[in-house]
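First comes the structure, then the notes that go with it.
Every number for a ligand or one of its atoms is a count from 1 in the order of the listing.
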Amino acid sequence: MNVLSFADLDKVHVWHPFTPMSDWCAQEHEPLMLTEGQGCYLFDQHGRKYLDGNASIWTNIHGHNHPRINAAIRDQLDRVAHTSFLGFGSPPASQLAQELVNLFPGNPLNKVFYSDNGSTSIEAALRMALQYWKQNGRPERDTIIAFDAAYHGDTLGAASMGGISLFKGSSNQFGYHVERVSGMDAISKIGHSRIAAVIIEPLMQGAAGMKTWPKGMLKELETWCRERDIFLILDEVMTGFGRTGTMFACQQEDVIPDFICLAKGLTGGYLPLAVTMTSQRVFDGFLGDASEGRTLYYGHSYTGNQLGCAAALASLEVFREEKVLEQLPAKVEYFGQQLQSLLEMKHVAEVRQCGMMAGIDIVLQKEPRIEYEASEKMGVRICCDARRHELLTRPIGNTLVLMPPLCVTMAQVDLMVAALRSSIELLCGE
Ligand SMILES: *Cc1c(COP(=O)(O)O)cnc(C)c1O
């Protein structure tokens with residue numbers, strides 16, 4: 001079959017996530033079919049190449065087609081691809097659990113619960129937190145504190161933690177009891193007798209538009225939780241695996257949560273796999289004779305997928321072999337300098353950076369700040385135009401997002417920033 005026709009087939013038969021399908025299926029729209037990847041580059045059906053400027057929706061860490069990760073997946077494939085994790089274990093899942101636990105000095109999070117995506121890793125943490133209190137003396141603790149504009153995934157439970165109404169469609173209230181707050185000041189005013197846990201995206205909220213928290217806020221939150229013996233759930237689905245400049249965001253403020261949720265970058269961005277890591281204390285709260293009903297009855301068919309675990313182990317190996325974390329400070333600084341240069345533009349109001357993640361706000365006017373009308377779709381148009389300059393990325397409203405794989409070079413950083421500059425100039429009329 002001719003590769004070109006896949007774009008037509010897609011428009012006939014496929015429904016895409018987070019996508020207004022009328023626009024997608026419009027006569028004049030030719031969807032990009034991504035056919036190959038190499039390092040930070042992706043190739044489309046016409047053989048054109050692009051820098052993967054948002055790391056394939058925030059997942060890719062070491063680049064595409066990495067020989068080490070490819071080999072690990074092939075090697076595992078020759079043994080077995082997937083086996084049930086309900087009632088059985090597997091070598092790569094055991095080894096990966098150990099390596100993940102050892103990423104935290106002192107091993108405070110020594111229990112690893114597998115699932116297959118970020119949303120389910122959040123679901124597992126919520127279920128564990130609520131069930132823990134229910135069967136360990138504090139059944140009145142049935143409420144979770146979540147932050148304004150938070151994003152924790154799209155399954156009902158994870159979405160009920162979310163604070164972005166656009167993502168909830170018509171049914172805004174579902175799932176768990178949630179107390180929504182704007183920040184630390186608001187938390188301090190909350191009566192905490194019913195609070196089971198606080199959930200947060202540490203250092204930076206992604207889907208909210210790459211919003212950074214004030215420095216020290218995470219530590220303050222940890223202290224608040226500790227003083228009241230309330231669980232702290234860190235959603236590091238986006239921030240995990242080096243994105244912030246350290247392996248995990250929580251390490252920057254010396255914070256140890258009760259639960260950490262990891263997904264996107266866990267396998268280097270190769271396969272869907274997630275973990276919810278927690279403490280011995282939480283684990284022990286579920287022990288007892290099965291007849292007591294203290295078991296966590298939660299899981300998925302592809303839990304602990306062996307190919308995924310093999311890819312994750314290889315990704316951690318690449319971190320060590322290629323000294324990925326050691327190289328990050330220089331890259332983060334260079335990325336920051338290049339981003340700052342965008343601020344000189346008339347239509348760039350704000351740039352927010354956390355490690356190798358950035359949000360760039362495009363506005364009609366800076367002083368006083370006037371936003372573009374949503375109907376102008378300025379963010380989308382700029383990102384589409386940037387493809388002509390070899391950059392692929394996806395905006396959040398009028399916030400442009402850059403989040404390259406960590407193996408990005410300085411020259412590729414230049415290319416990304418130059419591409420955005422050209423497209424902003426063209427579309428906003430600098
Ligand atoms: C992407 C994301 C999720 C959801 O992960 P999925 O794998 O898409 O279900 C949850 N939390 C954060 C912070 C994310 O960025």
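- In this structure, ligand 1 sits under 4.0 Å from heavy atoms belonging to Trp58, Asn117, Gly118, Ser119, Tyr151, His152, Gly153, Glu201, Asp235, Val237, Met238, Lys264.
- Salt-bridge annotation for Arg352 and Asp361: present, with a side-chain N of the basic residue lying under 4.0 Å from a carboxylate O of the acidic one.
- With hydrogens and angles disregarded, no donor-acceptor distance shorter than 3.5 Å links the side chain of Thr120 to the backbone of Glu123.
- Without hydrogens or angle criteria, Lys211 side chain to Gly206 main chain gives no donor-acceptor distance under 3.5 Å.
- Under a 3.5 Å cut-off, the side chain of Gln306 and the backbone N or O of Pro92 do not form any donor-acceptor pair.
- With salt bridges taken as basic N to acidic carboxylate O contacts below 4.0 Å, none links Arg138 and Asp229.
- Listed for the Tyr176 side chain is no donor-acceptor partner under 3.5 Å among the backbone atoms of Leu130.
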